[in-house]
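Here's the structure we're looking at; comments come further down.
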Amino acid sequence: MYFAALLARTEDGWEASDTELDDVETLSDLTDLAREASVDDDMVIVFIEQEDAWFGVLRVEGEDDPRIYVSDGAAAARSSYGEILTKEILGDDLDDADTLEDLNLDGTEDGEPLDREDDEEDEAGASADAVPAAPVGDRLILADLGMSESQLQELDSDALAEIADALGAAEVLETVR
């Protein structure tokens, strides 16, 4: 079960709206949805949460490229909306693979030597580690809004409420929950 909300910053503060992701198939769709909620090209924060598995934050400001943070890349990559975000974060090479399982990333892409002792049993499933089971993306996405990198990374349950509280938007987010 997903929960998604848009927070648009206006000159009067934050305005929240619940959003349906049924028609979202790409990052462009999600970015367009955020820009439609924007007032005068102001900032829009899109929150996506999958019940205690992961959460994602997409920040859109005007025509700038969106900024993205996902709390658990591996968990998110196993879900349709999370996959949209993790594909963008991890680069275009994921677009060439049919699924994340088709990837064969073993660490040697970055010039790191492959440690066979650690990877012997994982040779067939090397792609399972292609997306880290850790935070991925822009860890400073909310730093200028009152939530530091370390605070963001420490969040787990009820993360969206804590983020909204740091932004001063807890009450408006609660109205759409």
Side-chain angles (χ1 to χ4, degrees), residues 1-39 41-62 64-90 94 100 128-177:
M1 173 88 120
Y2 292 97
F3 170 75
L6 295 170
L7 281 177
R9 187 165 67 178
T10 68
E11 55 187 50
D12 298 326
W14 292 98
E15 290 182 11
S17 59
D18 191 359
T19 189
E20 286 295 320
L21 299 177
D22 294 341
D23 296 329
V24 172
E25 295 179 10
T26 65
L27 181 64
S28 292
D29 294 341
L30 190 56
T31 303
D32 290 346
L33 187 68
R35 286 191 174 119
E36 289 170 13
S38 175
V39 178
D41 288 333
D42 285 334
M43 176 190 324
V44 176
I45 305 285
V46 180
F47 295 111
I48 301 174
E49 177 179 58
Q50 185 179 12
E51 288 183 17
D52 296 328
W54 64 274
F55 70 89
V57 178
L58 175 80
R59 179 175 174 167
V60 177
E61 294 183 71
D64 293 344
D65 287 341
R67 296 170 61 188
I68 303 167
Y69 174 82
V70 176
S71 65
D72 183 330
R78 290 188 294 270
S79 71
S80 58
Y81 301 117
E83 182 182 25
I84 291 170
L85 299 176
T86 56
K87 280 177 114 176
E88 178 65 22
I89 293 168
L90 298 174
L94 292 179
L100 290 174
D129 293 329
V131 180
V136 294
D138 184 349
R139 294 181 172 131
L140 298 174
I141 191 168
L142 301 172
D144 62 327
L145 299 173
M147 177 155 281
S148 71
E149 173 182 0
S150 61
Q151 289 171 314
L152 185 61
Q153 290 181 300
E154 291 171 4
L155 297 176
D156 50 16
S157 65
D158 208 22
L160 299 186
E162 291 185 44
I163 291 170
D165 189 44
L167 300 178
E171 288 181 25
V172 293
L173 180 64
E174 194 56 41
T175 61
V176 297
R177 274 202 155 178

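Note that these values count all heavy atoms, side chains included, but never hydrogens, waters or copies made by symmetry.
Here the shortest heavy-atom pairing between Glu83 and Ala77 reads CB-O, 3.8 Å. Taking each heavy atom of Pro135 and Tyr69 in turn, the nearest pair found is CB-OH, 3.3 Å. Ile141 approaches Val57 most closely through the heavy-atom pair CD1-O, 3.6 Å. Heavy-atom minimum distance, Leu33 versus Leu6: O-CD1, 4.1 Å. The heavy-atom pair separating Ala8 from Ala37 by the smallest distance is CB-O, 3.5 Å. Listed here is the closest heavy atom pair of Val60 and Ala34: CG2-CB, 3.8 Å.
Not less than 6.0 angstrom separates the ring centroid of Phe55 from the ring centroid of Phe47.
Atom-to-atom distance recorded for Glu149:CD and Asp138:CG is 9.0 Å, nearest 0.5 angstrom. The CZ atom of Arg67 sits 4.5 Å away from atom CZ of Arg59, with the distance rounded to the nearest 0.5 Å. Between the OG1 atom in Thr10 and the CD atom in Glu15 there is a gap of 4.5 Å [rounded to 0.5 Å]. Ser79 contributes atom OG, which lies 12.0 Å from atom CD of Glu51 (distance to the nearest 0.5 angstrom). A distance of 7.0 Å separates CD1 in Ile84 from CG in Asp29, rounded to the nearest 0.5 Å. Rounded to the nearest 0.5 Å, atoms OH (Tyr2) and CD (Gln50) are 4.0 Å apart.
Within 6.0 Å of CG on Asp23 lie no more than 12 heavy atoms contributed by other residues, nucleotides or ligands.
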With side-chain contact (heavy atoms from CB on, under 4.5 Å) as the test, would you mind laying out the steps for Leu30 and Val46 before giving the verdict?
CA-CA 9 Å; Leu30 190 56; Val46 180; 4.1 Å; yes

Check the pair Glu61 / Val44 against side-chain contact (heavy atoms from CB on, under 4.5 Å), numbers first and verdict last.
CA-CA 6 Å; Glu61 294 183 71; Val44 176; over 6 Å; no

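By the 4.5 Å heavy-atom criterion applied to side chains, Ile45 and Leu142 are counted as neighbours. Put simply, the side chain of Leu27 reaches to within 4.5 Å of the side chain of Leu85, judged on heavy atoms. You'll find the side chain of Met147 reaches within 4.5 Å of the side chain of Ile163, heavy atoms only.
At distances below 3.5 Å, at least one donor-acceptor pair connects side-chain atoms of Tyr81 with backbone N or O atoms of Leu21. Asp42 places no side-chain N or O within 3.5 Å of a backbone atom of Ser38 that could act as its donor or acceptor partner. Put simply, the side chain of Arg35 gets close to the backbone of Gly62: a donor and an acceptor are under 3.5 Å apart. For Trp14 (side chain) and Leu167 (main-chain N/O), a donor-acceptor pair under 3.5 Å exists by modelled atom type.
Ser148 and Gln151 form a side-chain donor-acceptor contact under 3.5 Å, judged by distance and modelled atom types alone.
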